[in-house]
> 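Submitted below is the structure of interest, expressed as structure tokens.
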Amino acid sequence: MTSGTGSGAGDTGSAPGGTGGGTGSAEGGTRSAAGAGAGGGAAGAGEAGDVVRQVARVILLDPDDRVLLMHGHEPDDPTDTWWFTPGGGLEGDETRAQAALRELAEETGLTDVELGPVLWRRHCSFPFAGRRWDQDEWYYLARTRHTGPVPGPQALTPLETLSLSGLRWWTSAELSAAHETVYPIRLAELLRTLLDEGPPSTPVVLAPEIV
């Protein structure tokens with residue numbers, strides 16, 4: 001994955017394929033990105049098929065309330081792209097919170113992070129890299145004081161290397177106005193509610209996304 005400097009408001013390395021956000025398209029609906037193991041919908045180590053993969057994902061906000069998203073694509077089709085939140089599957093006996101921080105550090109290089117509560121939970125099932133992935137995802141709120149370019153990936157699996165192409169910060173307005181695919185598909189709406197109302201008192205269970 002490249003993390004260049006990119007262009008556009010809040011861009012810390014926009015990937016090929018777009019500078020706009022997106023509310024997410026229904027097609028491909030739950031592929032939270034190259035990331036079953038990258039923190040998205042389907043890359044990296046992890047079980048597929050009948051096993052429901054336990055995943056921790058991160059809604060990382062900077063001091064300006066921009067959210068960090070990663071850019072992914074099908075390994076064999078770089079034109080099939082989407083944006084998604086950092087995170088990935090649990091390893092060993094780690095907790096979801098530990099997995100969230102580890103994945104964030106591996107995928108973005110950011111460690112100056114304050115992990116907050118679980119915002120949302122969802123089940124998703126989707127095809128990626130020739131396999132079907134079933135995931136139980138928890139989305140954590142996190143904050144960072146980091147305002148400069150994102151360091152970029154520190155440790156990627158071979159599949160992540162093939163399917164990840166960048167990362168950048170997005171404002172709420174950019175997500176609401178753009179047309180690219182973003183997962184979860186209601187992220188623009190969910191982010192706006194989060195910024196307006198604060199974290200929910202208990203995690204919100206999102207509708208399942210099955211593709």
Side-chain angles (χ1 to χ4, degrees), residues 1-8 11-53 55 57-58 67-89 103-104 106-109 122-137 139 150 152-170 174-175 177-188 206-211:
M1 173 185 349
T2 59
S3 60
T5 54
S7 62
D11 199 337
T12 62
S14 60
T19 56
T23 55
S25 69
E27 182 179 359
T30 57
R31 284 181 313 180
S32 200
E47 298 295 333
D50 296 333
V51 176
V52 177
R53 191 163 180 267
V55 170
R57 310 195 63 75
V58 182
V67 64
L68 186 66
L69 297 181
M70 305 177 69
H71 196 239
H73 58 83
E74 276 286 345
D76 296 329
D77 184 3
T79 66
D80 183 6
T81 68
W82 56 88
W83 293 87
F84 65 104
T85 60
E103 289 283 346
L104 190 64
E106 291 176 354
E107 295 170 355
T108 72
R122 75 162 185 169
H123 174 78
C124 59
S125 178
F126 52 89
F128 177 78
R131 303 160 69 181
R132 173 157 291 275
W133 299 82
D134 293 288
Q135 301 193 162
D136 174 34
E137 300 185 337
Y139 287 77
V150 177
Q154 306 298 303
L156 297 180
T157 68
L159 183 54
E160 289 169 351
T161 300
L162 290 174
S163 57
L164 298 177
S165 51
L167 70 168
R168 60 161 285 194
W169 295 103
W170 295 82
E174 287 173 331
L175 282 179
H179 301 287
E180 293 180 77
T181 300
V182 177
Y183 298 115
I185 59 174
R186 293 176 52 215
L187 184 59
L206 305 180
E209 295 182 35
I210 311 297
V211 176

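As the structure is a computational prediction, the values presented were derived from the model and not from experiment.
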> Measure the shortest side-chain to side-chain distance between Asp80 and His73 over non-hydrogen atoms and say whether it is less than 4.5 angstrom.
no
> Between Thr181 and Thr81, what is the shortest heavy-atom contact and its length?
CB-O, 4.0 Å
> Can you name the side-chain hydrogen bond (donor to acceptor under 3.5 Å, both in side chains) partners of Asp76, sequence neighbours left out?
none
> Kindly give the heavy-atom pair with the smallest separation between Thr108 and Pro86, and that separation in Å.
CG2-CG, 4.3 Å
> Check whether any side-chain heavy atom of Arg168 sits under 4.5 Å from a side-chain heavy atom of Leu68, and report yes or no.
no
> Measure the shortest side-chain to side-chain distance between Ser125 and Arg132 over non-hydrogen atoms and say whether it is less than 4.5 angstrom.
yes
> Do Leu69 and Tyr183 have side chains that approach each other closer than 4.5 Å (heavy atoms only, starting at C-beta)?
no
> Check whether any side-chain heavy atom of Phe128 sits under 4.5 Å from a side-chain heavy atom of Pro75, and report yes or no.
yes
> Decide yes or no for Asp134 and Val51: does some side-chain heavy atom of the first lie under 4.5 Å from some side-chain heavy atom of the second?
no
> Answer yes if the side chains of Glu180 and Trp83 hold a donor-acceptor pair under 3.5 Å, and no otherwise.
yes
> Could you grab the distance from atom CG of Leu167 to atom CE of Met70, nearest 0.5 Å is fine?
6.0 Å
> Please report the closest heavy-atom contact between Arg122 and Tyr139, naming both atoms and the distance.
NE-OH, 3.2 Å
> Is the shortest distance from a Lys or Arg side-chain nitrogen in Arg186 or Glu209 to a carboxylate oxygen in the other one below 4.0 Å?
no
> Using side-chain heavy atoms (C-beta onward) and a distance below 4.5 Å, is Glu137 in contact with Cys124?
yes
> Please examine the side chains of Val58 and Thr85, heavy atoms only from C-beta on, and report whether any two atoms are closer than 4.5 Å.
no
